[in-house]
Amino acid sequence: MTIYQQAAHFLSPLFPDIPTNEARPFVTLTYAQSIDGKIAGSNGQQLILSGNGSMIMTHRLRTMHDGIMVGIGTILNDDPRLSVRLVDPSDPTPPRQPQPIILDTHLRFPLGAKLLHNFQSGAGKAPWIVTAAIDGHTSLPDLLSLLRRHHGIATLMIEGGARVIQACLGAVGHVDLLVVTVAPTIVGRDGVAATGEMAGETTPATAAPRFPRLDDVRYEQFGRDIVMAARPAWD
Ligand SMILES: NC(=O)C1=CN([C@@H]2O[C@H](COP(=O)(O)OP(=O)(O)OC[C@H]3O[C@@H](n4cnc5c(N)ncnc54)[C@H](OP(=O)(O)O)[C@@H]3O)[C@@H](O)[C@H]2O)C=CC1
Ligand SMILES: Nc1nc(O)c(N)c(N[C@@H]2O[C@H](COP(=O)(O)O)[C@@H](O)[C@H]2O)n1
């Protein structure tokens with residue numbers, strides 16, 4: 001089995017054939033972390049944590065979604081392309097590119113961003129910049145509903161960064177699938193923690209944060225990395 005086939009074999013069963021939720025997209029939250037739970041180095045320095053195999057898996061995941069969303073912090077720090085590039089060279093069909101969606105309340109998106117060059121060169125779609133805010137932040141439930149009902153986004157991959165990951169896992173019921181690559185690397189205490197600063201919505205009865213339980217957990221080794229997929233549940 002090639003690495004491309006392995007990625008398809010691992011990911012395909014995780015998706016329902018047709019998303020049935022008409023209220024919001026099917027949401028996959030994904031990121032790569034070190035074994036000490038860090039997604040970036042000190043001062044947010046971008047780290048290449050994933051090896052080639054798990055990166056191919058991530059690109060396969062991208063092409064399985066209508067949209068790919070990150071926070072403006074990731075754009076300013078990493079200048080990502082968010083496109084599908086690592087595809088099976090024996091497949092003649094060009095990969096489906098997801099729609100980039102950026103959470104950017106204060107319109108800080110830089111005009112020199114690779115995402116714009118990508119679009120201009122035909123390598124990706126023009127990014128959508130989400131500026132709407134309530135109390136200073138975009139409301140994720142409102143945005144998800146809007147994307148599903150009015151913009152044709154039935155499947156959405158959320159790729160970080162730290163604040164967005166924490167917002168997704170700290171609020172009840174916005175994520176259907178969690179895919180985390182764990183790389184055999186130690187970053188240390190100055191790195192950016194995936195969930196370290198996480199504050200969850202509180203349960204009225206106990207005033208304790210309601211972090212999700214992880215159901216239907218699956219693991220797969222890609223090269224030196226372990227990829228975990230699970231379904232978060234808040235009930
Ligand atoms: N290893 C990995 O897989 C990945 C690592 N990273 C790393 O993550 C770091 C970036 O993370 P971070 O700085 O936290 O930035 P984020 O990418 O999480 O963006 C956060 C910003 O998004 C805007 N935003 C708007 N609405 C929301 C909302 N509802 N919830 C959360 N944020 C919202 C806010 O800015 P505003 O108020 O201006 O709108 C906020 O400050 C980088 O170091 C990058 O390398 C990033 C992605 C993946
Ligand atoms: N899967 C994965 N592994 C890593 O090691 C990473 N650092 C990331 N980061 C995410 O990918 C974006 C870069 O994407 P492009 O290669 O430019 O398309 C980066 O901004 C993070 O969102 N992911």
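Both ligands and their constituent atoms are indexed starting at 1 by order of listing. Numbering of residues begins at 1 and proceeds along the displayed sequence.
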Lys/Arg-Asp/Glu bridge criterion (N-O < 4.0 Å) met for D36, R189: no
H59 touching ligand 2 at heavy-atom level, < 4.0 angstrom: no
More than 12 heavy atoms from other groups under 6.0 Å of CG on L107: yes
N/O separation below 3.5 Å, V192 to ligand 1: no
Flag if over 12 foreign heavy atoms under 6.0 Å of CZ, R231: yes
Which atom of L147 lies closest to which atom of P25, heavy atoms considered: CB-CG, 4.5 Å
Residue and atom name of the nearest protein heavy atom (relative to atom 22 (O) of ligand 2), distance in Å to one decimal: E159 OE1, 3.1 Å
Heteroatom proximity flag, T105 to ligand 1, N/O under 3.5 Å: yes
Polar atom proximity, Q46 to ligand 2 (N or O, under 3.5 Å): no
Sub-4.0 Å protein heavy atom near atom 13 (C) of ligand 2: yes
Validation row: T30, I158 side chains within 4.5 angstrom (heavy atoms): no
Option whose closest heavy atom lies nearest to atom 23 (C) of ligand 1, chosen from V70, V164, L103, I48: L103
ILVMFWY cluster, I153 and L143 together (side-chain gap under 4.5 Å): yes
Close N or O approach (V70, ligand 2; < 3.5 Å): no
Co-membership, hydrophobic cluster, residues M69 and I102, 4.5 Å side-chain: no
Ligand 2 N/O within reach of T74 N/O, cut-off under 3.5 Å: no
Nearest candidate to atom 26 (N) of ligand 1, where distance is taken over non-hydrogen atoms, out of T138, V180, N43: T138
From the candidates T58, I39, L49, the one that places a heavy atom nearest atom 1 (N) of ligand 2: T58
Within-cut-off N or O pair, A40 and ligand 1, under 3.5 Å: no
Minimum non-hydrogen distance to atom 7 (N) of ligand 2, winning option of T181, L47, T30: L47
Residue selection (non-hydrogen contact nearest atom 17 (O) of ligand 1) among I158, I39, D142, T74: T74
Under 3.5 Å: N/O of Q45 near N/O of ligand 1: no
Atom 3 (N) of ligand 2 [closest protein heavy-atom partner, distance rounded to 0.1 Å]: S50 OG, 2.6 Å
For atom 35 (O) of ligand 1, the option (of H137, R108, H106, K38) bearing the nearest heavy atom: R108
Whether H65 and F15 hold their rings parallel, tilted or perpendicular, with breakpoints at 30° and 60°: perpendicular
Candidate with minimal heavy-atom separation from atom 30 (N) of ligand 1, of A183, A194, A167, S34: A167
Under-4.0 Å heavy-atom contact with ligand 2, by part of I48 that carries it: backbone
Ion pair check, D66 and R96, cut-off under 4.0 Å: yes
Backbone or side-chain N or O of R163 under 3.5 Å from ligand 1 N or O: yes
Residue portion contacting ligand 2 (non-hydrogen atoms closer than 4.0 Å) for R85: side chain
Sub-3.5 Å N/O-N/O distance, L140 and ligand 1: no
Flag side-chain contact, heavy atom, 4.5 Å: H151 against L146: yes
Where ligand 1 meets E159 - atom numbers and elements under 4.0 angstrom, heavy-atom basis: 47 (C), 48 (C)
Which segment of A32 sits under 4.0 Å of ligand 2 when only heavy atoms are counted: side chain
Sub-3.5 Å N/O-N/O distance, G44 and ligand 1: yes
